[in-house]
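Order of the sequence lines fixes the chain letters, A, B, ..., with proteins taken first and strands second; residue numbering starts at 1 for each chain. Side-chain atoms are counted along with the backbone in the values below, which use heavy atoms only and exclude waters and symmetry mates. Quick caveat: nothing in here was measured; it's all calculated off a predicted structure.
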2 protein chains.
Amino acid sequence: MQTFGQFIRARRESLRKTDPTYSVRQVAKRMGIQPSYLSKVERGEVSPPSEETTRKLAHELGVDSDMLLAMAGKVSSDLQDVIRKRPVLFGELIRELKEMPDHAVLRLVREVRDGEW
Amino acid sequence: MQTFGQFIRARRESLRKTDPTYSVRQVAKRMGIQPSYLSKVERGEVSPPSEETTRKLAHELGVDSDMLLAMAGKVSSDLQDVIRKRPVLFGELIRELKEMPDHAVLRLVREVRDGEW
DNA sequence: ACAAGCGTATACTAGTTAGTATACACTACC
DNA sequence: GGTAGTGTATACTAACTAGTATACGCTTGT
């Protein structure tokens, strides 16, 4: 399985093919962090960054932030907030959906979205 | 709103009315932590304990651990694991359900549980 | 009088998080 | 051959987490 660092390095290098501003240094500068730190993150020398920094990185690399946060071992704090407001209810729901296949969960999402609620 | 500390103190004192073993000292001993620490937690002098310790406390006090974790500002790590495996899917679902009333979410839980899936 | 149990004040800490700051070695350009 | 840009090695750190350990003062039963 690909690690967080490997993923973002691959993604950055890929973007760089068509845009030379995607160097470690320039990306780090745009994000407001040290290039040496980004380098360490990409090589997995340090653990993935904070939620905020991971978000900036997702934005910079044009990837979904929930996905990148997940690779960083985190869950977006706004989702946590939703759960924390009704922990038992959401706890039940999520555990119920744990083993469900993607298409079943997706059906549920659509049902809620367009449904008559 | 009631804080974490106030809640567990109230709950412990309530249990103590019918069972004197619910003193700070004895509960702490059963949990394997220092009484002084439990005391500080109850008075809100320190931030709520770790997930593991919060779980022990929930067990000791006979309350739902998801609920108590929520009061501690946390989301159970097993729920986080479920989300982290399919972050985009669950992200969508949870944000969709954010504003839904309890009964609607509950209906969904039941639908999944007994549904023809 | 004193031991047992109570809550708490006080002092301390190992480990982790999330980075910064600087300097070094290499390549490419003009 | 200098300079501009690259990735990275190295050294350091402030703040936070999640507690422990000990001692103090109070009450209560014998």
Side-chain angles (χ1 to χ4, degrees), chain A residues 3-61 65 68-69 71-77 80, chain B residues 3-61 65 68-69 71-77 80:
Chain A
T3 67
F4 181 84
Q6 286 166 354
F7 175 81
I8 64 167
R9 167 144 296 187
R11 175 68 185 164
R12 184 182 53 75
E13 293 293 359
S14 161
L15 291 169
R16 197 186 198 178
K17 278 176 193 161
T18 58
D19 184 343
T21 73
Y22 284 91
S23 67
V24 169
R25 275 172 187 272
Q26 296 192 49
V27 171
K29 181 158 206 180
R30 288 198 292 269
M31 291 176 60
I33 63 173
Q34 293 294 323
S36 60
Y37 180 53
L38 178 54
S39 171
K40 277 187 282 193
V41 170
E42 289 195 351
R43 286 171 296 121
E45 203 192 287
V46 298
S47 48
S50 68
E51 174 163 353
E52 196 187 332
T53 300
T54 301
R55 252 178 228 291
K56 284 183 198 160
L57 194 51
H59 180 253
E60 198 60 44
L61 300 181
S65 62
L68 201 60
L69 282 168
M71 295 193 73
K74 300 180 205 298
V75 170
S76 177
S77 57
Q80 299 204 34
Chain B
T3 68
F4 182 85
Q6 286 166 353
F7 175 80
I8 64 168
R9 167 144 298 186
R11 175 67 187 165
R12 185 183 54 74
E13 294 292 0
S14 162
L15 290 168
R16 196 187 198 179
K17 278 176 194 162
T18 59
D19 185 343
T21 73
Y22 284 90
S23 68
V24 169
R25 276 172 186 271
Q26 295 192 48
V27 170
K29 181 158 205 177
R30 288 197 293 269
M31 290 176 61
I33 62 172
Q34 294 292 325
S36 60
Y37 181 53
L38 179 54
S39 171
K40 275 187 283 194
V41 169
E42 288 195 351
R43 285 171 296 121
E45 202 191 289
V46 297
S47 48
S50 67
E51 175 164 353
E52 196 187 331
T53 300
T54 302
R55 253 178 227 292
K56 284 182 197 161
L57 194 51
H59 180 253
E60 197 60 44
L61 300 180
S65 61
L68 200 60
L69 282 167
M71 295 192 75
K74 300 179 205 298
V75 169
S76 178
S77 57
Q80 298 205 35

Taking every non-hydrogen atom, the tightest pair across A:Arg11 and A:Leu61: NE-O, 2.7 Å
Least distance between heavy atoms, A:Ser65 atom then A:Arg55 atom: OG-NH1, 3.7 Å
Degree of bending in the helix from C:dA1-D:dT30 to C:dC30-D:dG1 once both end axes are built from five pairs, to 10°: 10°
Whole angstrom value for the distance that separates C1' of D:dG19 from OH of B:Tyr37: 5 Å
Whole-Å gap separating C1' (D:dT8) and CD1 (A:Ile33): 14 Å
Can I get a per-line list of side-chain donor-acceptor pairs under 3.5 Å for residues 32-40 of chain A, giving both atom names and the distance, sequence neighbours left out?
unit_1: A:Ser39; atom_1: OG; unit_2: A:Arg43; atom_2: NE; d: 3.1
unit_1: A:Ser39; atom_1: OG; unit_2: A:Arg43; atom_2: NH2; d: 3.0

Name the pairs: protein N/O against N/O of nucleotides 3-7 of chain D, kept only if under 3.5 Å.
unit_1: D:dT6; atom_1: OP1; unit_2: A:Ser23; atom_2: OG; d: 3.1
unit_1: D:dT6; atom_1: OP1; unit_2: A:Gln26; atom_2: NE2; d: 2.7
unit_1: D:dT6; atom_1: O3'; unit_2: A:Arg16; atom_2: NH2; d: 3.0
unit_1: D:dT6; atom_1: O4; unit_2: A:Arg25; atom_2: NH2; d: 3.2
unit_1: D:dG7; atom_1: OP1; unit_2: A:Arg16; atom_2: NH1; d: 3.2
unit_1: D:dG7; atom_1: OP1; unit_2: A:Arg16; atom_2: NH2; d: 3.2
unit_1: D:dG7; atom_1: OP1; unit_2: A:Val24; atom_2: N; d: 3.1
unit_1: D:dG7; atom_1: OP2; unit_2: A:Val24; atom_2: N; d: 2.9
unit_1: D:dG7; atom_1: OP2; unit_2: A:Arg25; atom_2: N; d: 3.1
unit_1: D:dG7; atom_1: N7; unit_2: A:Arg25; atom_2: NE; d: 3.0
unit_1: D:dG7; atom_1: N7; unit_2: A:Arg25; atom_2: NH2; d: 3.0
unit_1: D:dG7; atom_1: O6; unit_2: A:Arg25; atom_2: NH2; d: 2.4

side-chain contact (heavy atoms from CB on, under 4.5 Å) between B:His59 and B:Met31, intermediate numbers included: CA-CA 9 Å; B:His59 180 253; B:Met31 290 176 61; over 6 Å; no
Touch class at under 4.0 angstrom, heavy-atom based, for B:Ser50 against every strand present: sugar-phosphate
Return the set of residues passing side-chain hydrogen bond (donor to acceptor under 3.5 Å, both in side chains) with [X] (not counting sequence neighbours), or none when no residue passes.
{"X": "B:Arg12", "result": "B:Glu42"}
{"X": "A:Ser50", "result": "A:Thr53"}
{"X": "B:Ser77", "result": "B:Glu51"}
{"X": "A:Ser23", "result": "none"}

Heavy-atom contact window of chain B on DNA chain C, given 5' to 3' at under 4.0 Å: C:dC6 to C:dA11
I'd like a table of atom pairs between the protein and nucleotides 12-17 of chain D - only N or O on both sides, under 3.5 Å - with the distance next to each one.
none

Salt bridge (Lys or Arg N to Asp or Glu O under 4.0 Å): pairs with one or both residues in residues 26-38 of chain A, sequence neighbours excluded: A:Arg30-A:Glu60
All salt bridge (charged side-chain N to carboxylate O under 4.0 Å, His left out) counterparts of A:Arg16, not counting sequence neighbours: A:Glu13
Heavy-atom side-chain proximity of A:Leu57 to A:Ile8 below 4.5 angstrom: yes
Test item: A:Val46 and A:Val41 side chains (from C-beta on) under 4.5 Å apart, heavy atoms: yes
Spatial distance of atom OG1 (B:Thr54) from atom NZ (B:Lys56) [nearest 0.5 Å]: 10.5 Å
